[in-house]
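For reference, the structure discussed in these notes is given below.
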There are 2 protein chains.
Amino acid sequence: MTKIEIGQIIKERRVYLGITQKDLADIVGISLRSLVDIENGNGNPTIDQLNKILNALGLTLKISTV
Amino acid sequence: MTKIEIGQIIKERRVYLGITQKDLADIVGISLRSLVDIENGNGNPTIDQLNKILNALGLTLKISTV
DNA sequence: TATAAATATGTATTATAATACACATTAAAA
DNA sequence: TTTTAATGTGTATTATAATACATATTTATA
């Protein structure tokens, strides 16, 4: 699962929930710029920041064997 | 899935594969210190770094609904 | 089609992840 | 045991993620 795929999932989920990038960034407590970059596969977020975003969207990280 | 849980999974998998921290760090191309911190739930790695470690261990990140 | 809302990007600064090095502690082997 | 390998930690430095701000651009709405 690449950064691009992660960004796509976040974006799809956010749109599905009908939230703007600005609102989600505010809810999560991160900058709009960071969220935009993550959704577009730019940027290289930390686990903490990624988890904050996923939690706000009702998503969670998992690790599985390939 | 918290940083601590992620660290535990990485450590368990590494031990299962019979690799030392030093060797895994070299294989992955990161510092021993970073790996130690991640395994112990200290540190806050980026997706890239986490993915490099997981890939070397035959593991992968996934995102799922809660 | 104007206007506003939402999304996206360039640049500079700040916060912090990653590293290097030394050294301590713990576990394993001789 | 003692010697070595493996794991863990403190501190300083470097690399880079996160942010702030201004400003496009694209999309939606009046």
Side-chain angles (χ1 to χ4, degrees):
Chain A
M1 166 143 275
T2 67
K3 286 185 298 185
I4 291 178
E5 293 170 315
I6 290 173
Q8 287 173 341
I9 290 174
I10 289 172
K11 184 163 203 160
E12 284 170 16
R13 180 73 170 182
R14 175 181 59 76
V15 171
Y16 168 75
L17 295 174
I19 312 171
T20 66
Q21 290 177 329
K22 175 80 170 57
D23 285 347
L24 180 57
D26 287 345
I27 292 168
V28 172
I30 68 172
S31 68
L32 171 59
R33 180 54 181 271
S34 288
L35 180 61
V36 171
D37 281 347
I38 291 168
E39 285 195 354
N40 293 331
N42 308 319
N44 182 22
T46 58
I47 297 183
D48 277 351
Q49 196 167 45
L50 180 59
N51 267 330
K52 283 195 282 186
I53 295 168
L54 294 179
N55 291 343
L57 295 172
L59 299 174
T60 188
L61 269 186
K62 288 228 184 324
I63 294 176
S64 60
T65 51
V66 177
Chain B
M1 166 144 274
T2 67
K3 286 185 299 184
I4 293 179
E5 293 171 315
I6 290 173
Q8 287 173 341
I9 290 174
I10 289 172
K11 183 163 205 162
E12 284 170 15
R13 180 73 170 181
R14 175 181 60 76
V15 171
Y16 169 74
L17 295 175
I19 311 173
T20 67
Q21 291 177 327
K22 175 80 169 56
D23 284 346
L24 180 56
D26 288 344
I27 292 168
V28 172
I30 68 172
S31 68
L32 171 59
R33 179 55 181 272
S34 289
L35 180 62
V36 170
D37 281 347
I38 291 167
E39 284 195 356
N40 293 331
N42 307 320
N44 182 23
T46 59
I47 296 183
D48 277 352
Q49 196 166 45
L50 180 59
N51 267 328
K52 282 195 281 184
I53 296 169
L54 295 179
N55 291 343
L57 295 172
L59 299 174
T60 189
L61 269 186
K62 286 227 184 329
I63 294 177
S64 60
T65 51
V66 176

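Lettering of chains follows the sequences in order, A, B, ..., and the numbering in each one begins at 1.
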Looking only at heavy atoms, which two atoms of [X] and [Y] are closest? And how far apart?
| X | Y | result |
| --- | --- | --- |
| A:Gly58 | A:Arg13 | O-NH2, 3.8 Å |
| A:Thr65 | B:Thr60 | O-CG2, 4.4 Å |
| B:Thr20 | B:Asp23 | OG1-N, 3.0 Å |
| A:Ala56 | A:Ile27 | CB-CG2, 4.4 Å |

Worksheet entry | Protein proximity profile, nucleotides 24-30 of chain C - base contact B, sugar-phosphate-only contact S, no contact -, cut-off 4.0 Å on heavy atoms | -------
Response to the item:
For nucleotides 8-15 of chain D, 5' to 3', base contacts (B), sugar-phosphate-only contacts (S) and non-contacts (-) with protein non-hydrogen atoms under 4.0 Å give SBBB----
Discussion item. From CG of A:Asp26 over to P of C:dA5, roughly how many Å is that when rounded to an integer?
Written reply: 15 Å
Worksheet item: Within this structure, what is the CG-to-P distance between B:Leu35 and D:dA6, rounded to whole angstrom?
Response: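 Spelled out: CG on B:Leu35 to P on D:dA6 is 14 Å.
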Worksheet item: Between B:Lys22 and A:Ser31, which is nearer to the 5' end of DNA chain D once each is assigned its nearest nucleotide?
Response: B:Lys22
Practice prompt. Could you list by number each residue of residues 44-62 of chain B showing a heavy-atom separation from DNA chain D of less than 4.0 Å, or answer none if no residue does?
Written response: B:Thr46
Practice prompt. Apply the test salt bridge (Lys or Arg N to Asp or Glu O under 4.0 Å) to residues B:Asp26 and B:Lys22: give CA-CA distance (whole Å), side-chain angles for both, the deciding distance (0.1 Å), then the verdict.
Written response: CA-CA 6 Å; B:Asp26 288 344; B:Lys22 175 80 169 56; 2.7 Å; yes
Can you tell me how far [atom2] of [Y] sits from [atom1] of [X], rounded to the nearest 0.5 angstrom?
| X | Y | atom1 | atom2 | result |
| --- | --- | --- | --- | --- |
| B:Leu57 | B:Glu12 | CG | CD | 11.5 Å |
| B:Lys11 | B:Ile9 | NZ | CD1 | 14.0 Å |
| A:Ile47 | B:Ile38 | CD1 | CD1 | 7.0 Å |

Worksheet item: Is it true that a side-chain atom of A:Glu5 and a backbone atom of A:Thr2 form a donor plus acceptor pair closer than 3.5 Å?
Response: yes
Fill in: Salt-bridge contact A:Asp37-A:Arg33 (side-chain N to carboxylate O under 4.0 Å)
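Salt bridge flag = yes for A:Arg33 with A:Asp37.
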